[in-house]
Amino acid sequence: MPVALPRAGMAVDSTLLNTMRVAKETVVAIEYTLKDDQGNIIDASGDRGPMEYLHGAQNIIPGLEQGIDGLVAGDTKNVLVPPQLGYGEYSEKLIQLVPLTAFGANTPQVGMRFHAETNLGMRVLTIKKIEGEEVTLDGNHELAGKTLHFDIKVVSVRAAEPTELAHGHPHQSGGCCGVGGCGSGEASGGGCCSTEEGSEGGCCSTEEPAAQKQGGCGSGGCGCS
Ligand SMILES: [Zn+2]
């Protein structure tokens, strides 16, 4: 579940009238709907409100970032993102078998997802199958191999603050983990911290916006503790 609704409009009103173009070192807020090839809605900013990100800082998948480049507030666009510019091709190499005993006292269940350190870095692993004493883990992103169809609307574009550039992500109402950030329930999609998952795997709630790059929060995330 999203931790809290962002304060829609907060950072938006004062910038609606400008014509700053989306470029490196701008903070962009977008509304989006993401569909698959069949037109099924996979994710949408909807009730979460606009998603803010720092352009050029790999906060979001490359294909979407490229599609937004150069737009101004108010623009709408359909952005088609092939797998190689999205969540990658589906790779059999990311399937691995581990013994049931690796879970210790925990009871693994098919469909469970968790963060784990792998030889490809921190990834989200999904339990695909449990057979006898063997558990099949899948390190592919759930959207790997999929062509993504984004309908986006640029809500606002503003110059990034120096601290945002330093951290590699946007700050909202008082900062990253300061007032309005971590713990106060104000972290939005694209934000830093959630109260739910502070330990392993970093800052984000488990339900990350699909437009956001996997690991964007944990790895590039709020190093501002
Ligand atoms: Zn920060």
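FYI, the numbering just counts along the sequence from 1. These numbers were taken from a predicted model, which means no experiment stands behind them. Reckoned from all heavy atoms, side chains included, excluding hydrogens, waters and symmetry mates.
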Open item on the list: If you compare all heavy atoms of Leu54 against all heavy atoms of Ala160, which two are closest, and at what distance to 0.1 Å?
Closed with: CD1-CB, 3.6 Å

- [ ] Using modelled atom types only, decide if a donor and an acceptor are shared between the side chain of Glu25 and the backbone of Ala159 within a distance under 3.5 Å.
- [x] no

Task: Side-chain touch Leu148/Ile61, heavy atoms, less than 4.5 angstrom - done: yes

TODO: Report, as yes or no, whether the 6.0 Å neighbourhood of atom NZ on Lys128 holds more than 12 heavy atoms from other residues, nucleotides or ligands.
DONE: no

- [ ] Please tell me if the side chains of Glu164 and Arg158 come closer than 4.5 Å, counting only heavy atoms from C-beta onward.
- [x] yes

Open item on the list: Around atom CD of Glu131, are there more than 12 heavy atoms from other residues, nucleotides or ligands closer than 6.0 Å?
Closed with: no

- [ ] Could you tell me whether the side chain of Pro99 reaches within less than 4.5 Å of the side chain of Glu133, counting heavy atoms only?
- [x] no

- [ ] Indicate yes or no: does Arg48 engage Asp43 in a salt bridge with an N to O separation below 4.0 Å.
- [x] yes

TODO: Using a 4.5 Å cut-off on heavy atoms from C-beta on, say whether the side chain of His55 contacts that of Asp69.
DONE: yes

Open item on the list: Can you confirm whether Tyr32 sits close enough to Ile60 that some side-chain heavy atom of one is under 4.5 Å from a side-chain heavy atom of the other?
Closed with: no

- [ ] Give me the ring orientation class for His167 and His169: parallel if the planes are under 30° apart, tilted from 30 to 60°, perpendicular past 60°.
- [x] perpendicular

Open item on the list: Can you see whether Asn78 engages His149 through a side-chain donor-acceptor pair at a distance of less than 3.5 angstrom?
Closed with: no

Open item on the list: Between His141 (side chain only) and Leu143 (backbone N and O only), is there a donor and an acceptor less than 3.5 Å apart?
Closed with: yes

Open item on the list: When you measure from the side chain of Ser91 to the backbone of Lys93, do you find a donor-acceptor pair of N or O atoms at a distance under 3.5 Å?
Closed with: yes

Task: Heavy-atom side-chain contact between Met112 and Asn106 under 4.5 Å - done: no

